[in-house]
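The structure appears below as structure tokens.
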Amino acid sequence: MQKHHTGDGREQKLTAKEILKEQWFLTRFCFAAAPGGMAFHVFESVKLQVSIFFEFIWMINYALGIAERGGPWKQFFWCMVIFMAAVFVSTMSFSYYKQSVKPRLTPVLHQAFRMHIYERTKDLDLACYDETDFYQKFILAAEESDTCIDRYLETVETYSAGITQFVLALGFCLTVNPLILLVTGVSFCVSLWLAGKENRLQIASRMERLPYEQKREYQNRVFYLSDYAKDLRLYPGMQQKCRQDFNRSQKEIRRIHRTYGKKLFVYGCIRDAVGPVYLESVLSWSLLLYQVLKLHTLSYAAMLSSLKAASYVSKSSGSMIMGWKKAAENAAYVKRIHSLTNMEPSVVSAKNLPVGTSPVSFDIRHVTFSYQPGKPVLKDISLQIGARQKIALVGYNGSGKTTLVKLLLRLYDPDSGSICCNGTDIRDYAVEGYRHSIGSVFQDFKIYAASLKENVLMDVSQNTKKENYEVEKALYDAHFTLQDNRLVYQIETPLTTEFEKDGVNLSGGEMQKVAIARTLYRRQNLIIMDEPSSALDPRAEYELNQELNEIAQDKTVVFISHRLSTTRDADCIYMMEQGRIIEAGTHEELLAAGGKYAGMWKVQAGLYLDAQ
Ligand code: ADP
């Protein structure tokens, strides 16, 4: 298990090198995703500052200089004409950028970054979801990816503009009045030091709040998601607990804001006092008046324009400091997202072998597996499943049945032992192809906000008209009835009412039949069913089982069920307890043995007879 994320901000303190590394990654990423848009973004930020420099510094100096010298006015006139024409062109290109380029650029980058995260995480091991740290990173990546791009675009704008403004204004000051830079320099250094402190405090505050914000989000979700609505009404006590937890998270968030807020306020006041607001302007004016009135080393034009240029030097430095703060904050998020996207799946294929189409047999040898180190859930499991055999795994909750089929599906790999499918170790098959070759229905299947047909197909590439018959047949075989008034568009009817007003919310049993139809549609040679009919009444379950027996005649079937009536016809029944196989045999053999299976059967027999 990886280190649990404590929410401590210090954990996130990045060095300048790391911040630059993350910025460099974002730069390469964004320029690769949208080269034209990014180039325009930089160009506009630079151009704006160039035009501001000419308008407010160079022009003041030039125009006042001419006024002081009394001409030449003709040259001034032509200069103004060229200048106004340039401003007009510049305004047009800025409008185009703002109205057309930027609104397209942002969504393109958002999408590219989300796809990058998705592509890098989609094949990660299911085991990752058992780790709190992974889950927190995943939530962070999902919630912050758009904001990371927005902050990066802001940083690019800040630095393109800041560097341009700084270089032009500094160059001007150096040529016209270098002395003024002394005042600006002192103010800059103090501001830099204070901004660093503020930055660290803000990151620490954000990181300390993060776990509480995530809890608050979770509690919020519990209140609005329909999954919880029924339970919350039936168990008001849980509602109260959620409310209490929500208030507790809020209280903690307020406390953290208060604690950091006081310090941030003090730093902010000092920064304003020494920054351009007070001290810098008083000192600058004093120096300039002294140069103009006492030393006579400066013209009025140079005085005003150098004052303006110095203020730009200071302003651009300030904005770059603040930009650095934002870049550092962004880098901390991007680094966490990176630690997620850099993870490699451990369930990979050794030889990438293709899976054949022949009926499936399994040889499971001495398999031991644990979700958490030192706590084995499966202990030394060995069993053989012949081609076309019907195998049942039975046992009480938590005995390891579902875990065993997850191993068969290669959702996890055993800690020790091996599983061979058709004589080849399953670790040698190409992972995706192998998983795809198995039809499975789990208890916790999900119905998607898509059409009934898509919920059966589970593959949009196959969503063609000619598949309709196959889908309808799979639904029919799963005993799902299409003669239902609610299914206005038959298999094209949207499921769930989340987005579609014509959508249909199916009952638990109906949803289970859709999940079974999914497996039947795919016609694989191996079918794994984990409690496929738990939501059906005993009669419906019995009928469905008869149907399934027929359909799966030439297939290998691994079946998990609590209801022994559904598994009695299996070729071999394995009774599991605490991660071990404790009994194996046919229904009759196990009854004759009079062990735990026989005991379990006796308890359930009444129910089965009722169903008959
Ligand atoms: P069954 O299917 O027989 O009810 P499972 O295979 O689901 O049993 O579970 C076997 C044991 O493994 C249980 O003790 C369960 O709590 C534990 N377990 C199941 N899934 C996980 C998981 N993702 N992380 C940790 N423990 C798990």
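Start at 1 and go down the list; that is how both ligands and their atoms are numbered. Predicted model, so just to flag it, every value in this text is computed and none were measured.
- By the 4.5 Å heavy-atom criterion applied to side chains, Phe362 and Gln384 are not counted as neighbours.
- The structure places CD of Glu22 at 7.0 Å from CG of Leu14, a figure rounded to the nearest 0.5 Å.
- In terms of modelled atom types and a separation under 3.5 Å, the side chain of Lys137 and the main chain of His338 share no donor-acceptor contact.
- Residue contacts with ligand 1: Thr403 is placed with a nitrogen or oxygen under 3.5 Å of a nitrogen or oxygen of the ligand (distance criterion only).
- The protein non-hydrogen atom at the shortest distance from atom 2 (O) of ligand 1 is Thr402 OG1, 2.6 Å.
- The distance criterion of under 3.5 Å between nitrogen or oxygen atoms is met by Asp130 with respect to ligand 1.
- What sits closest to atom 19 (C) of ligand 1 on the protein, heavy atoms only, is Tyr371 CE1, 3.4 Å.
- A side-chain donor-acceptor contact under 3.5 Å links Ser349 to the backbone of Asp428.
- In this structure, atom 25 (C) of ligand 1 has protein heavy atoms in its sub-4.0 angstrom surroundings.
- At a 3.5 angstrom cut-off on N or O pairs, Gln372 does not count as close to ligand 1.
- Residue Gly398 holds the heavy atom nearest to atom 13 (C) of ligand 1 of all those in Ser399, Gly398, Gly395, Ser370.
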Legend entry - Phe480 vs Tyr476, ring pair (Phe, Tyr, Trp, His ring centres under 6.0 Å): CA-CA, chis, key distance, verdict: CA-CA 6 Å; Phe480 183 95; Tyr476 176 81; over 10 Å; no
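- Under a 4.0 Å criterion applied to the non-hydrogen atoms of Val377, ligand 1 contributes the atoms 10 (C), 11 (C), 12 (O).
- Between Gly400 and ligand 1, at least one pair of N/O atoms sits closer than 3.5 Å.
- Not one N or O of Asn397 is nearer than 3.5 Å to an N or O of ligand 1, by distance alone.
- Using a 3.5 Å distance cut-off with no hydrogens or angles, the side chains of Ser437 and Tyr429 do not pair a donor with an acceptor.
- For atom 16 (O) of ligand 1, the nearest protein heavy atom lies 4.0 Å or farther away.
- Between the side chain of Ser370 and the backbone N or O of Pro373 there is no donor-acceptor pair closer than 3.5 Å.
- The closest side-chain donor-acceptor pair between Glu18 and Thr15 falls under 3.5 angstrom.
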